[in-house]
Amino acid sequence: MIQESEVAVVGNEDIATVLDGICTMFLGSNATFADPYDAQPGQHYVTGCVSISGEWEGAVTLGCTLAFARDMAAAMFDLSPDDLEMDEVRDAVGEVTNMAGGNIKALLPGPSQLSIPSVADGIETAISVPGGTVINQVGLDCQGHNLVVTVYRGNTLHRQPRAV
Amino acid sequence: MKALVVDDSRAIRMILTKLLRERGFETVEAGNGVEALERLENIGEPDVMLVDWNMPEMNGIDLIRAVRKQCEFRTVAVMMVTTEAELEQMGRALAAGANEYVMKPFSAEMIVEKLELLGLVPA
């Protein structure tokens, strides 16, 4: 299900276009709309988060399976997915989240600043943004993998995302 | 030709370093602005610096301002490579002393086109 809140100031189509550009650039494959995945028992997920502070305050998270994160990292580091260290996978997801957040920030009222990305990963791990309200949640499919971009609005300044 | 690549993402440093080496550049990397200033003390003036904006310890804008304050680095070409996509941010970077501006995600062609504009690779 693709959700777009009535208070959203950026459209799901715009978010999909941003992610499609990133996936096309690094993986050579399009990202198309899909239902956001539901956490599967025992599955390893990786989620990146950047905060936006200033005229518009909130956060952008990007979540995906470890398999997709490895494919993205392999493309960026020009290595086989099996040869990657977990730090390299986190670095790649952090940078992709940074790109998504920066390009989404450009669609929001400004001026605002983007934080350094943070990344959480683990079995059945998700990120919550305390005080934030979900205004967009976009599920995408790229190379058969699901990824989910969520835009939160709220006073998240100086708050760290929390793994739950 | 010598290039200094400054980005807190190892993946981005690796992509840019590979691209530059394939075009004959000798490259040095730094993970933030503070590290970049330390590298500059050791390597002297590079021909070009590729600089990210959002980095820990010292961001790209503060790095460019610090570099432009030093006489020996006033002529180095600076290309900002960043996720900051607003026109106002581009203006800030150029005012700080950047010569070119590339938004992430970037293609190899985009970087090469900017290197051509800077006269660092043949057009």
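Chain identifiers are assigned alphabetically (A, B, ...) following the order of the sequence lines, protein sequences preceding nucleic acid strands; residue numbering begins at 1 within each chain. As the structure is a computational prediction, the values presented were derived from the model and not from experiment.
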Engineer: Determine which residues belonging to residues 56-73 of chain B lie within contact range of chain A, meaning some heavy atom pair is under 4.5 Å apart, and list them by number or answer 'none'.
Structural biologist: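 From residues 56-73 of chain B, the residues near chain A are B/Pro56.
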Engineer: Should A/Val50 and A/Met72 be counted in the same cluster of Ile, Leu, Val, Met, Phe, Trp and Tyr side chains packed under 4.5 Å apart?
Structural biologist: yes
Engineer: If the threshold is 4.0 Å, N to carboxylate O, is there a salt bridge linking A/Glu95 and B/Lys104?
Structural biologist: yes
Engineer: Which atoms form the tightest heavy-atom contact between A/Gly102 and B/Ala85, and what is the distance?
Structural biologist: O-CB, 4.3 Å
Engineer: Are B/Val5 and B/Met110 connected in the hydrophobic side-chain network, where two residues link if heavy atoms are under 4.5 Å apart?
Structural biologist: yes
Engineer: Do B/Ser107 and A/Met25 touch side chain to side chain, with heavy atoms closer than 4.5 Å?
Structural biologist: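 Contact flag for B/Ser107/A/Met25 side chains = yes.
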Engineer: Going from CE on A/Met99 to OG on B/Ser9, what distance comes out if it is rounded to the nearest 0.5 angstrom?
Structural biologist: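 Reported to 0.5 Å precision, the distance equals 7.0 Å.
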Engineer: Find the distance between CD (A/Gln113) and CH2 (B/Trp53) and round it off to the nearest 0.5 Å.
Structural biologist: 9.5 Å
Engineer: According to a 4.5 Å side-chain heavy-atom criterion applied to Ile, Leu, Val, Met, Phe, Trp and Tyr, with indirect links allowed, do A/Val149 and A/Val18 form part of one hydrophobic cluster?
Structural biologist: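 Yes.
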Engineer: By a 4.5 Å heavy-atom criterion (distance strictly below it), what part of B/Glu88 contacts chain A: side chain, backbone, both, or neither?
Structural biologist: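 Neither part, no heavy atoms under 4.5 Å.
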Engineer: Tell me, side chain or backbone of A/Leu114 under 4.5 Å from chain B's heavy atoms, or both, or neither?
Structural biologist: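 Backbone plus side chain of A/Leu114, per the 4.5 Å heavy-atom cut-off to chain B.
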Engineer: Can you establish whether the number of heavy atoms outside A/Gln143 located under 6.0 Å from its atom CD is more than 12?
Structural biologist: yes
Engineer: May I ask whether A/Ile116 and A/Val96 are part of the same hydrophobic cluster, defined by side-chain heavy atoms of I, L, V, M, F, W, Y residues being less than 4.5 angstrom apart, directly or through others?
Structural biologist: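 Different clusters: A/Ile116 never reaches A/Val96 through Ile, Leu, Val, Met, Phe, Trp or Tyr contacts under 4.5 Å.
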Engineer: Measuring from atom CG of B/Asp7 to atom CG of A/Asn98, what distance do you get when rounded to the nearest 0.5 angstrom?
Structural biologist: 8.0 Å
Engineer: Could you tell me which residues in residues 11-48 of chain B have at least one non-hydrogen atom under 4.5 Å from a non-hydrogen atom of chain A, sorted by residue number?
Structural biologist: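 B/Ala11, B/Ile12, B/Met14, B/Ile15, B/Lys18 fall under the 4.5 Å cut-off.
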Engineer: Do the side chains of B/Leu120 and B/Val6 join up, straight or via other hydrophobic residues, at under 4.5 Å, putting them in one cluster?
Structural biologist: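 Cluster IDs for B/Leu120 and B/Val6 differ.
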Engineer: Could you measure the distance from the CG atom of A/Asn103 to the CE atom of B/Met103? Nearest 0.5 Å is fine.
Structural biologist: 8.0 Å
